[in-house]
Every structure is written in C-alpha cells, then in structure tokens.
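Please read all numbers here as calculations on a predicted model, not as lab measurements. To find a chain, count down the sequence lines: A is the first, B the second, and so on, and within it residues start at 1.
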Amino acid sequence: MTLKIESIFNEKSNRWIVQIIGEMDVLTSKELREELIRIFNEKQENIILDLQGLNYIDSTGLGVIIGAYGRLKEKEKEISIINPKQNILKLLTITGLDKILIKQN
Amino acid sequence: MTLKIESIFNEKSNRWIVQIIGEMDVLTSKELREELIRIFNEKQENIILDLQGLNYIDSTGLGVIIGAYGRLKEKEKEISIINPKQNILKLLTITGLDKILIKQN
Amino acid sequence: MTDFLKFSIPGKPEYVGVVRLAVSSIANRAGFDIEAIEDIKVAVAEACNNAILHGISDNCCNFEVGCFLENDRLIIEIEDKGHGYNMNEYVAPDLCNPKEGGLGIFIIKTLMDEVEILSNTGEGTMIKMTKYI
Amino acid sequence: MTDFLKFSIPGKPEYVGVVRLAVSSIANRAGFDIEAIEDIKVAVAEACNNAILHGISDNCCNFEVGCFLENDRLIIEIEDKGHGYNMNEYVAPDLCNPKEGGLGIFIIKTLMDEVEILSNTGEGTMIKMTKYI
Ligand SMILES: Nc1ncnc2c1ncn2[C@@H]1O[C@H](COP(=O)(O)OP(=O)(O)O)[C@@H](O)[C@H]1O
Ligand SMILES: Nc1ncnc2c1ncn2[C@@H]1O[C@H](COP(=O)(O)OP(=O)(O)O)[C@@H](O)[C@H]1O
C-alpha cells in the first residue's frame with residue numbers, strides 16, 4: 001500500500017496539477033494533506049487533482065480533499081478532480097462530493 | 001485464485017504443449033492432474049508444460065507434475081517444463097525437480 | 001452451511017490494508033462481482049478506521065473482524081473493546097455542506113445491504129454489516 | 001515491540017488463498033523483499049495444506065494462523081486441533097527419487113530460517129516458523 005504524489009505548477013493554465021497514484025487511506029492520506037498545504041503556500045492558485053492512477057480512497061482520503069476545498073475557498077480558489085476511476089467516482093457520487101469537485105462541461 | 005489450462009497437440013514436433021496460467025495449489029492442482037491424464041490417454045506422446053503464465057505453485061502442484069512424470073516414464077515418454085518464473089524455478093531447484101524436468105541444452 | 005473466518009488485528013493504521021486484502025479475497029471466494037467486492041472492501045475499511053481512530057485510540061490493543069459466509073450473503077462484524085460512543089449523538093453528514101470528517105458510517109450504510117451498530121461508552125463497539133450475493 | 005495478528009480459518013482448500021494474500025501483505029509491511037515474501041507465502045501455504053489435508057481431514061473445523069512481527073523477524077505459527085502425527089515416523093524426501101507427496105515440510109524448512117514442529121497424535125499439530133528480516 002503506497003501513495004505517490006507528483007505536483008507540477010502549469011504556468012500556461014496558471015494552476016497546480018497534482019497526480020495521485022496508488023492508494024489513499026488512513027495510513028497514507030496525511031501525505032496528501034501536507035503536499036496540498038505546501039503547494040498552496042507556495043502559490044495560491046487553483047488545484048487540479050488527477051486521479052487517473054488512484055486505485056483506492058477511503059473517507060480519510062476524501063476528508064483531506066474536503067479540507068483543501070475549504071482552505072482554497074477562503075482564498076477564492078478552487079480544487080477539482082479529473083479522471084477518477086469507477087470505484088472512486090462511486091464514492092464521490094454517494095457522498096455528493098462529485099457536485100462540488102467534478103467540473104461539468 | 002484460478003487456473004487456466006490450454007493443451008494443444010503440436011503435430012510438427014509430435015508432442016503436447018500445455019500452457020498453465022494462474023495459480024496451481026491445493027485447490028486447483030487436481031484440474032491439471034485430470035487434464036494430463038486425459039491428453040496422455042488421447043495421444044501417448046511427450047508433454048511440454050509451458051509455465052510462462054504460472055504465478056504460483058505449491059507442493060500439491062509439484063506432486064501432480066511428478067505423478068505425470070512417473071506415468072509417462074512407464075510408457076517411455078517424457079514430461080518437461082519450459083519458461084518457469086523465478087519463484088517457481090526456485091521451488092524446482094530446491095526440490096531437485098529441475099534436474100529431471102528442465103532440459104539442458 | 002456457514003464458513004467462519006476471524007481476524008485479530010492490531011489497532012494501527014498499518015494493518016487496515018491487510019484486512020482489506022483478506023476481505024476482498026473472501027468476498028471474491030463468496031462469488032460477489034467486482035463492484036460488490038469493492039463495496040465490501042471500502043465498508044470494512046471504514047469500520048476498521050473507526051475501531052482504530054475512535055475505539056482503540058492509543059494503538060494499545062487488537063480489534064477483531066469476523067466473516068460469516070452463508071449461501072446467499074456475507075456478514076462481517078468488526079468489534080473493538082475501545083472507548084465506545086453514545087450512538088444517540090450520531091449526526092448523519094450534511095452532504096450539501098461537506099466537512100472533513102463524519103462520512104465513515106454513512107458510507108458503510110450506503111454500500112452494505114444491512115448495518116447494525118452496538119456501542120457502549122467505555123465498553124466498545126460492534127458493527128455488523130451484511131451484503132447479499 | 002511486537003505486533004500480533006491471528007487468523008482463524010476454515011479447514012478447507014478454498015481458504016488457503018486468503019491466508020496467502022494476508023500473509024504476503026503482512027510480510028510486505030514487515031519490510032521483507034519480494035523473494036522473502038514469496039518464501040514466506042509458500043511456507044505458510046504448505047503448513048495450511050498440511051493442517052487441512054492431514055490435520056482436520058474432514059473439513060470439520062477451523063485452524064489458526066498467528067503472526068508475530070518483531071523488529072528483526074516475522075514468526076508465524078500454524079496450529080490445528082486435528083489428528084496429529086508421530087513425528088518420529090517422518091522421512092525426509094529422497095530428492096533423487098521424486099514421489100508425488102512428502103515435499104511440504106522439506107520446502108518449509110528450506111525456505112524459512114527456523115522451523116519447530118510440535119505434534120501429538122489425536123491432539124493436533126503446531127508448526128512455528130521464523131524468518132529474519
Ligand atoms: N468504533 C468506534 N469507537 C468509538 N467511536 C466510534 C466508533 N465508530 C464510530 N464512532 C463515533 O461515531 C462518529 C462518526 O463516525 P464516522 O461516520 O465513521 O465518521 P468519522 O470517523 O469521520 O468521525 C465518530 O466520530 C465517533 O465519534
Ligand atoms: N498438520 C498435520 N497434521 C497431521 N499430520 C501432519 C501434519 N503435517 C504433516 N503431517 C504428516 O507429515 C507428513 C509429511 O508432510 P509433508 O512433508 O508436508 O508432505 P505431504 O503433506 O505431501 O505428505 C504428512 O504426510 C503427514 O503424515
């Protein structure tokens with residue numbers, strides 16, 4: 001069970017792209033919390049979480065994303081999710097988080 | 001935990017090629033026993049076990065191969081193994097089965 | 001006929017992954033499809049998180065996971081002899097107003113077919129969840 | 001500090017895969033490399049096979065797998081309350097003259113660093129195996 005996080009600031013679109021790979025659970029999700037705090041301190045811009053490589057998330061992982069959502073909102077910035085796998089989309093949907101975290105277009 | 005077995009009689013080399021895919025253990029190895037008996041009844045020729053797709057074997061699986069080795073020997077035929085993965089080669093080596101089942105060339 | 005498996009697991013985040021793997025493998029054995037296996041895995045992990053984070057909060061002891069495989073269902077019980085809680089004070093999450101915590105039991109109830117919780121302050125908690133095949 | 005995990009498993013071939021997965025996950029957690037994880041997995045599975053095939057031969061009851069994670073080693077005990085056997089009658093396999101059975105204990109002893117077996121006819125068997133990290 002491991003988590004790999006790769007954050008890149010995309011100058012063109014002026015936002016953070018954070019790739020989250022592996023499994024995000026009670027053991028690993030604090031790593032994401034720290035990383036999201038770190039990058040937002042570095043540059044207060046919108047954050048995109050790319051979940052293409054994320055296989056598993058639990059409520060502590062969701063909690064970390066909700067926490068970041070709140071902190072960014074205070075600064076009028078947004079965090080959003082792209083490429084969630086089916087099982088993760090299911091959890092986002094049943095908790096209603098899809099509505100605030102997944103951009104409809 | 002599943003086992004898939006595919007047997008083809010190769011007319012050119014006049015021998016059976018049996019692909020064993022998955023895991024061969026106390027639950028699944030009797031399937032291989034039955035298949036090896038069935039094909040040898042159909043045509044009494046040498047048998048090659050292609051283990052490229054085999055991820056796991058235990059002593060019941062090894063026992064099935066030893067059993068077939070004995071039955072074929074009685075009819076002056078041979079059973080041999082190709083493409084074992086590292087972990088399976090290790091078990092063949094510590095039990096000395098590599099010497100009788102893997103052809104040196 | 002019922003097959004019964006029981007796991008005793010240290011109350012530490014490090015071992016939730018072990019339970020998740022074992023329970024997935026049992027659910028697979030029981031004949032659930034991939035989506036149901038995933039549901040069971042998530043629900044059991046949430047209950048383990050609760051046992052570890054709220055029940056046995058100081059890593060002191062083990063908790064138990066029991067699995068009963070019946071013909072038409074899988075029943076899983078997660079039990080800790082930890083702090084327990086007053087279930088009357090439980091508030092379901094307000095989904096329009098997301099907060100960092102408070103989603104675990106809600107997720108369990110959504111993913112499983114039947115959920116029963118017994119908890120007594122100072123004595124511990126038992127959550128029993130059933131999924132039909 | 002020792003972490004302790006215990007599994008109670010039905011004495012049926014269907015569940016050896018569950019133990020294998022769980023033990024691999026524990027060995028991975030303990031910090032073993034891939035080859036050592038594989039060794040532990042195979043050794044534990046052989047002991048489970050013996051508990052199921054020779055110990056509790058009629059699927060009647062559960063057997064137990066205990067795992068002790070210490071700083072420098074993993075100790076695993078597999079115990080059944082089955083038929084037991086007379087260990088003085090055990091004959092190591094003749095590797096030059098392969099037979100269908102009789103490889104299990106030999107494989108366990110080869111793959112693990114320390115192996116102890118206790119068995120009493122009519123009472124059951126306990127095999128304790130240690131691997132150093
Ligand atoms: N095993 C348990 N032991 C003690 N308290 C628990 C247990 N499980 C749940 N609770 C209580 O119920 C509350 C709600 O749990 P849950 O819905 O899983 O959300 P969260 O764990 O994020 O708080 C917890 O905050 C805790 O007070
Ligand atoms: N848990 C057990 N309960 C009863 N007998 C056992 C047990 N484990 C081993 N034995 C005895 O020891 C013998 C040797 O075991 P092993 O080396 O694993 O080979 P195999 O299982 O193929 O016979 C078995 O045939 C059996 O008689």
Query raised in the report: Does the pair D:Leu53 and B:Thr60 meet the rule for a side chain to side chain contact (heavy atoms under 4.5 Å, CB included), with working shown?
Result: CA-CA 11 Å; D:Leu53 300 175; B:Thr60 53; 4.3 Å; yes
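- Between D:Leu95 and B:Lys99 there is no side-chain heavy-atom pair separated by less than 4.5 Å.
- Residue-environment remark: NZ (D:Lys6) stays at or below the threshold of 12 foreign heavy atoms within 6.0 Å.
- At a threshold of 4.5 Å between non-hydrogen side-chain atoms, the residues B:Asp25 and D:Asn49 do not count as touching.
- B:Tyr56 contributes atom OH, which lies 4.5 Å from atom CZ of D:Arg20 (distance to the nearest 0.5 angstrom).
- The closest side-chain heavy-atom distance from D:Ile107 to B:Leu91 is below 4.5 Å.
- Atom NZ of D:Lys81 has 12 or fewer heavy atoms from other residues, nucleotides or ligands within 6.0 Å.
- The line from OG of B:Ser59 to CD1 of D:Ile108 is 8.0 Å long, rounded to the nearest 0.5 Å.
- Interatomic distance, CD of D:Glu46 versus CG of B:Asp58, reported as 5.0 Å (0.5 Å rounding).
- Looking only at side-chain heavy atoms (C-beta outward), B:Thr95 and D:Pro98 stay at 4.5 Å or farther from each other.
- No side-chain heavy atom of D:Glu38 sits under 4.5 Å from any side-chain heavy atom of B:Lys90.
- Interface remark: D:Lys12 contributes no atoms to any contact with chain B (heavy atom separation under 4.5 Å).
- Residue with the most contacts toward chain D among B:Gly67, B:Gly70, B:Ala68, B:Gly96: B:Gly67 (heavy-atom pairs, distance under 4.5 Å).
- Heavy atoms closer than 4.5 Å to chain B are found nowhere in D:Leu21, neither backbone nor side chain.
- Heavy atoms closer than 4.5 Å to chain B are found nowhere in D:Ile34, neither backbone nor side chain.
- With a 4.5 Å cut-off on side-chain heavy atoms, D:Leu103 and B:Ile66 count as touching.
- Rounded to the nearest 0.5 angstrom, D:Ile52 CD1 and B:Leu27 CG are separated by 9.5 Å.
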